[in-house]
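Naming convention: chains lettered A, B, ... in sequence-line order (proteins, then strands); numbering from 1 in each chain.
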Number of protein chains: 2
Amino acid sequence: MIEIELLEKYDAVRKCYKKSEIIFEIDHLATHYYQIISGAVKMNNYNDEGREFIQGIFYANQSFGEPPLFLDRTYPANAEAVEDSELLCISKNNFLKLITENPAISINIIEILAQRLHYKSVMAAEISTHDSEHRLLQLFDYSISYLNFKKDNNGYAIDLTRQQIGNLTGLRVETVIRTIKTLEKKGELKIINRKVYR
Amino acid sequence: MIEIELLEKYDAVRKCYKKSEIIFEIDHLATHYYQIISGAVKMNNYNDEGREFIQGIFYANQSFGEPPLFLDRTYPANAEAVEDSELLCISKNNFLKLITENPAISINIIEILAQRLHYKSVMAAEISTHDSEHRLLQLFDYSISYLNFKKDNNGYAIDLTRQQIGNLTGLRVETVIRTIKTLEKKGELKIINRKVYR
DNA sequence: ACTTATTTATGACATAGGTCATAAGGTCAC
DNA sequence: GTGACCTTATGACCTATGTCATAAATAAGT
């Protein structure tokens, strides 16, 4: 996260997106740096049959879609608001200017990319070599450790729909529903009022 | 890649690793920055049954395992030499010093991480939503575009064993062998003397 | 309030890819 | 040079997960 005041010094603009609205599309060139003020954004891919894969979900104070700003490549995925969201947008040129003029910020960016890479490494190994139960638990525990998932008296609330869980782990909804039930029977998590707690 | 002279100014040390030798292990803290002078290194994970997943293979002039240097986290995977290799190693402290004293280098690091993130995004979507034929072609085409795979008169040589291909895509060797044969029949690639060309 | 869409749920059945067994050609170590 | 191991290969069979159909509970939109 970059300080809002600093971004605004480089002409950042606030922009609102309705739920389901597309922020940018796969294979397009990157034109802006985006940081979330409020709401949530997912980055995703669709295969030829329309099956979705969610690369990640981002929340307030997080940025997303930076890598192509530094490469001569297009976006590897789409970005879409999962709730009504307010974003700070800053043009590629201004963003690169900001970084070169504020070297400390680049360490910041490195940390953000390093974190994201860490998540991708963990999930890649998970998706390729583990069964559905292991995959779900890993996703839940990772989300609890590194995202802003809240703890209440039932445990940590996994604030994701079954469909989203499936699309984050490469499983179908039905499999997620069945696996969650099995995990509940095994005592690995709780289902209260259809919500998952860990 | 960071200039060797610059690394040596910060007390980088040359170190040789035999094929199959471990460079660092999963869950350990990061102590050094590593850059390959010659040879090749893979980063991998094993599941409980010993199945391997290869996060990536790195060649001369590439670095690997940087993210945990910037985070308070351990390595998400192991690093192992796939051939006899010579590496340049520089301690975490010296490396961080190098970066802060040479702001231009941090842009360099950002680009490296951005590239790696791009690969992971593409492969993650591939592994979770596409069938084996699609996965293999994607891996081959990505490797050709972004790695140093050489073209000869048969086409681009895919310099990976069937086992490595499987461990990079989350498929078993037998499946890889069968899929490659199918792809050959479909004219998507050539098998000459057991080697794959695209 | 009423319609429409989303989310959770469950059962029956299908299949891509995994598993296991076996083998032959290559490569490496000593 | 020979034994051990790795790589490619193929067949028979199995199973975790996907697919399809159906439905009720909940949420969202007008």
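- For B:R178 against D:dG11, a side-chain-to-base donor-acceptor contact under 3.5 Å is present.
- A donor atom on one side chain and an acceptor atom on the other are found under 3.5 Å apart for B:Y46 and B:N44.
- The listed nucleotides are C:dT8, D:dG18, D:dA9; the one nearest the side chain of B:I177 is D:dA9.
- Between the P atom of C:dT6 and the CD atom of A:E83 lies a distance of 16 Å, rounded to the nearest Å.
- The aromatic rings of B:Y142 and B:Y146 lie tilted to each other, with the angle between the two planes from 30° to 60°.
- Of the candidate nucleotides C:dT8, D:dG11, D:dT7, D:dT7 has the atom lying nearest to any side-chain atom of B:T161.
- A salt bridge links A:E52 and A:K42; the closest N-O separation between the charged side-chain nitrogens and carboxylate oxygens is under 4.0 Å.
- Atom NZ of A:K18 and atom P of D:dA28 are 13 Å apart (whole Å).
- The pair B:D84-B:K19 does not meet the salt-bridge criterion, since no charged nitrogen lies less than 4.0 angstrom from a carboxylate oxygen.
- Considering only side-chain N and O atoms, A:R162 lies under 4.0 angstrom from the phosphate OP1 or OP2 of C:dT8.
- Note on ring orientation: taking the six-membered ring where Trp is involved, the planes of A:Y34 and A:F64 are parallel (angle under 30°, cut-offs 30° and 60°).
- When the C1' atom of C:dT6 is taken as reference, atom NZ of A:K195 falls 14 Å away, rounded to whole Å.
- The distance between atom CZ of B:R172 and atom P of C:dG17, rounded to the nearest whole Å, is 14 Å.
- B:T179 comes within 4.0 angstrom of nothing in the nucleic acid, heavy atoms only.
- Protein atom CG of A:D159 is 13 Å distant from nucleotide atom P of D:dA27, rounded to whole Å.
- Between B:T175 and A:K181, the residue whose closest nucleotide on DNA chain C is further toward the 5' end is A:K181.
- Closest approach to the B:R194 side chain among C:dT19, C:dA9, D:dT8 is made by D:dT8 (side chain taken as heavy atoms from C-beta onward).
- For the pair B:E174 CD and D:dG11 C1', the computed distance is 11 Å after rounding to whole Å.
- Here the P atom of nucleotide C:dA16 and the CD atom of B:E133 are 11 Å apart, to the nearest Å.
- Following rounding to the nearest Å, A:R135 (CZ) and D:dA16 (P) show an atom-to-atom distance of 13 Å.
- Contacts of B:G170 with the nucleic acid, taken as non-hydrogen atoms under 4.0 Å apart, involve only primed sugar atoms and P, OP1 or OP2.
- Not a single donor-acceptor pair, N or O on each side, falls under 3.5 Å between the base of D:dC6 and the side chain of B:Q163.
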